[in-house]
Amino acid sequence: MNAASQPAVLVTGGAGYIGAHTAKALHEAGFLPVIFDDLSSGSREAVRWGPLIEGDLRDRAALSAAMAAHEITAVIHFAGLIEVGRSTLRPDLFWEVNVAGTINLLTVMREQGVGRLVFSSSAAVYGQGGRGPLETIVETAAKAPASPYGDTKLAAEWMIAAQCRAYGLTAVALRYFNAAGADPSGLIGEAHEPETHLIPLAIAAALGDGKPLTVFGQDFDTPDGTCLRDYIHVTDLAAAHVAALKADLPAGAYEAVNVGSGEGRSVSQVVEAVSRAVGVPVPHSIGPRREGDPPSLVADPRRGRELLGWTARHSSLNEIVADALRWERNPAYGAGRRDPANRRKSLTPT
Ligand code: UDP
């Protein structure tokens with residue numbers, strides 16, 4: 001415990017998109033988030049609710065010093081490389097950071113007697129393996145990652161599960177579906193460089209400061225022909241981490257939990273929601289499919305409810321888009337970052 005008697009939680013990657021929102025949620029729940037981040041893609045401005053220690057996961061001594069200095073009681077592990085396309089070009093680097101980096105973290109946790117971990121995993125562990133096109137995904141579904149990025153998330157999950165059995169670590173892997181939206185304060189939000197995600201691109205197109213949107217395919221086997229995804233508000237995602245941290249689980253337990261709303265929304269529905277929120281049509285055209293895009297990725301969210309008492313509360317498309325738009329319009333943050341004279345580092349999710 002630190003001086004203020006708030007249990008300190010190490011948040012690796014806490015300067016990134018989901019990490020920063022989770023740091024805020026931890027603060028609000030009475031924890032002290034201690035951020036460990038190399039700022040390679042996260043942003044110093046997003047660290048507002050606890051101290052920042054600049055360091056790389058691959059540097060075991062730095063991790064060890066950070067944990068010892070702050071009497072860490074638990075770890076939430078976001079830090080990692082996330083760009084699927086880049087993972088196909090640099091699989092070695094992805095394994096080094098996402099898998100070897102996680103081994104480092106677990107080793108230091110064991111050395112210092114820190115027995116609780118929440119790990120950022122991804123719906124990318126499922127791929128398209130063995131389900132019908134519109135089936136929701138349960139945690140026990142076949143795992144068939146379609147990229148080296150997904151491979152590293154699944155490998156890290158397996159390794160964490162084995163260390164739970166071997167050493168009595170207690171861990172929850174949260175498999176994120178499509179993180180979206182921003183904190184309603186407008187202070188923190190999504191900002192990738194380059195931006196590739198649908199909602200910020202659709203907003204930028206509607207605001208007239210991005211390129212027109214290309215819809216990647218309208219010939220999928222879905223109700224309106226465009227892809228279905230499960231968009232989850234980043235505030236709901238952050239709450240899932242706090243719930244996972246606090247869940248009453250025995251020593252040695254390992255659990256993997258989907259973090260999604262359970263609702264599939266199509267690209268066309270997103271375009272309509274953004275048009276409504278901004279008040280002008282989103283300029284867009286229909287393009288070819290993007291390689292590797294499955295028609296539908298929608299969570300079965302029951303396990304999160306049963307195990308963590310967590311459920312999505314802010315993940316209607318309207319609420320996600322309204323909060324994302326507020327962030328994009330904030331001149332100091334979203335809008336500011338689009339000004340080349342004021343370009344800053346992105347807040348990258350894991
Ligand atoms: N998408 C699109 N145009 C874009 C970016 C994304 O049509 O410029 C579609 C993409 O095919 C997918 C959905 O929007 O069906 C969400 O894509 P995103 O990259 O945001 O997240 P992903 O599901 O790939 O993690």
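- Two residues are said to be in side-chain contact when any heavy atoms from C-beta on lie closer than 4.5 Å; L57 and H77 meet this criterion.
- Here the two rings, on Y176 and H241, have centers that are under 6.0 Å apart.
- Here E96 pairs with R58 in a salt bridge; the nearest charged N to carboxylate O distance falls below 4.0 Å.
- Checked by atom type and distance alone, the side chain of E328 never pairs as donor or acceptor with a backbone atom of P200 at under 3.5 Å.
- V34 has its side chain out of reach of V11: every pair of non-hydrogen atoms, C-beta onward, lies at least 4.5 Å apart.
- Taking a cutoff of 4.0 Å between a charged side-chain nitrogen and a carboxylate oxygen, R44 and E54 qualify as a salt bridge.
- Between D92 and R90 there is a salt bridge, with a side-chain nitrogen of the basic residue lying less than 4.0 Å from a carboxylate oxygen of the acidic one.
- When each of L81, I82, V99 is paired with T152, the side-chain contact (heavy atoms from CB on, under 4.5 Å) condition holds for V99 and for no other.
- Note that R290 lies outside the cation-pi zone of F216, set by a 6.0 Å cut-off to the ring centre and a 45° limit from the axis.
- Salt bridge present: R229 and D293 bring a charged side-chain N and a carboxylate O closer than 4.0 Å.
- Using a 4.0 Å cut-off between a side-chain N of Lys or Arg and a carboxylate O of Asp or Glu, D230 and R265 do not qualify as a salt bridge.
- No single ILVMFWY cluster, assembled from side-chain heavy atoms under 4.5 Å apart, contains both L201 and L228.
- A donor-acceptor distance shorter than 3.5 angstrom exists from the side chain of T226 to the backbone of V267, with no hydrogens or angles considered.
- Between H27 and R48, the closest side-chain pair of non-hydrogen atoms is not below 4.5 Å.
- Between K24 and D183 there is a salt bridge, since at least one side-chain N of the basic residue sits less than 4.0 Å from a carboxylate O of the acidic one.
- Using a 3.5 Å distance cut-off with no hydrogens or angles, the side chains of N318 and R276 do pair a donor with an acceptor.
- Between Q112 and S64, the side chains place a donor N or O and an acceptor N or O closer than 3.5 Å (distance only, hydrogens not considered).
- When L63, D56, D59 are each tested for a side-chain contact (heavy atoms from CB on, under 4.5 Å) with N104, only one passes: L63.
- Side-chain polar atoms of Y126 and R175 form a donor-acceptor pair below 3.5 angstrom.
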